[in-house]
Amino acid sequence: MKQAPDEPAAWKELAHSGRVAFLGDDPHAAQVHGIAPGCIQPLALLARLDWDRAYKTPYEVACIESAGALAAKGHKAARSAFVEGASELEIHHAYLEAVGCVDKDLPYETIVCLDEKGAILHYTGKRAQKHGKVLLIDAGAKVNGYGSDITRTWTTAKADAPFMELVNGLDRVQQELCALVSPGKPYLELHHAAHLKIADLLHGAGLIQKGGAEAVELGLTHPFFPHGLGHFLGIQVHDVGGRQKSPDGGLLAPPPQYPYLRTTRAIEIDQVFTIEPGIYFIEMLLRPHRAGKTKEHFDWAKIDRLMPCGGIRIEDDVVVTRDGHRNLTRPHVG
Ligand code: GLY
Ligand code: MN
């Protein structure tokens, strides 16, 4: 068997061969080991690896699905704690206890929001409130380094009936969007479809006066759904390569109307990404419309009634298959 080049001379020769590259957090260490400067963090190699990381092997998909099954235990416990009137912090602890880990083992900090806190997209604040009527929980788990990323929105019987209808409506929209996943389609098309469906949902609920394409063109859905529909998922929660143009690199920037979309690449078999539409009541984003040209397209009384409910997000992880997709989350989390 060939020996690893542990001899300093052999290592030196290999380091200088041009066949060794260093990728990592400490380029100085690579220099110390004699790796040529052009082979430290070479962009062409990074681009190639980032591109290919979008296609998950069956092993990687199994890890992400197991991470979903593990997170499901946490989501179930969190929901029970919420129904019993627990505080955001207690819900977080119930989640950790059920998953069987500590904070640092999670793929990202849990986002546990009661009521109006659901409108703060990455809320990880004080967590003191209890007895909420609405719980938005965004939390995952890790298996062999791979993460799941799952969001659910639950309500108690005391929540506003129109809000509960919106939750059910967005859940339906989320599953319809999952059903639209198919190889060859640009992810952007899915994101646009989300805006159209959310427009119809808001219109049906009487919150805006127009539906479909007309509402989207007028920008009426943007204050309610200000983030991208989803992102690649893997070792990193927002996995790499979502906006990459080709295996050689380059940027496929999102269009100006959807600046926060992280995934602009075409959908292809074996990619794993999230589908996470949302509807939020964020005063900062609604305010410009209250006085602007579009103000008559909104029913402000109905909107103001729902402001204390915060927001809704439903998020699943899916793998793209030849015929469409397989949902890695739904079999485990209701
Ligand atoms: N779950 C966190 C995020 O997608 O940003
Ligand atoms: Mn996500």
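Every number for a ligand or one of its atoms is a count from 1 in the order of the listing. When a residue number appears, it is its place in the shown sequence, counting from 1.
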Trainee: Tyr108 heavy atoms, cut-off 4.0 Å: which ligand 1 atoms fall inside?
Mentor: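 Matching atoms, with element in brackets: 1 (N).
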
Trainee: Is the closest heavy-atom distance from Asp138 to ligand 1 below 4.0 Å?
Mentor: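 Yes, that is the case, since the closest heavy atom of the residue is under 4.0 Å from the ligand.
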
Trainee: So, for Tyr95 and His93, is the gap between ring centers shorter than 6.0 Å?
Mentor: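 For Tyr95 and His93, the ring centres are not under 6.0 Å apart.
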
Trainee: Check for me whether the distance between the ring centres of His195 and Tyr258 falls short of 6.0 Å.
Mentor: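 That pair passes the under 6.0 Å test.
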
Trainee: Does Gln41 CD have over 12 foreign heavy atoms under 6.0 Å away?
Mentor: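 Atom CD in Gln41 is crowded, with more than 12 foreign heavy atoms closer than 6.0 Å.
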
Trainee: With respect to the Mn ion (ligand 2), please indicate if His231 possesses an N, O or S atom at a distance under 2.8 Å.
Mentor: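 For His231, the answer is yes, given that an N, O or S atom comes within less than 2.8 Å of the Mn ion (ligand 2).
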
Trainee: Charged N to carboxylate O below 4.0 Å: is that the case for Lys117 and Asp138?
Mentor: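 No.
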
Trainee: What about His238: any of its N or O atoms under 3.5 Å from an N or O on ligand 1?
Mentor: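 Yes; at least one N/O pair falls below 3.5 Å.
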
Trainee: With a 4.0 Å cut-off, would you call Arg290 and Asp304 a salt bridge?
Mentor: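 The answer is yes: the pair qualifies as a salt bridge.
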
Trainee: Treating Lys56 as the side-chain partner and Leu233 as the backbone partner, does any N or O pair qualify as donor plus acceptor under 3.5 Å?
Mentor: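 Flag set: sc Lys56 to bb Leu233 pair under 3.5 Å.
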
Trainee: Under a 4.0 angstrom heavy-atom cut-off, which atoms of ligand 1 come close to His122?
Mentor: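 In order of number, 2 (C), 3 (C), 5 (O).
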
Trainee: Out of the N/O/S atoms in Glu315, what is the name of the one closest to the Mn ion (ligand 2)?
Mentor: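 Glu315's closest N, O or S atom to the Mn ion (ligand 2) is named OE2.
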
Trainee: What N, O or S atom of Glu276 is found closest to the Mn ion (ligand 2)?
Mentor: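 Of the nitrogen, oxygen and sulfur atoms in Glu276, the Mn ion (ligand 2) lies nearest to OE2.
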
Trainee: Kindly give the atom name of the N, O or S atom of Asp149 closest to the Mn ion (ligand 2).
Mentor: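 For Asp149, the N/O/S atom sitting closest to the Mn ion (ligand 2) is OD2.
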
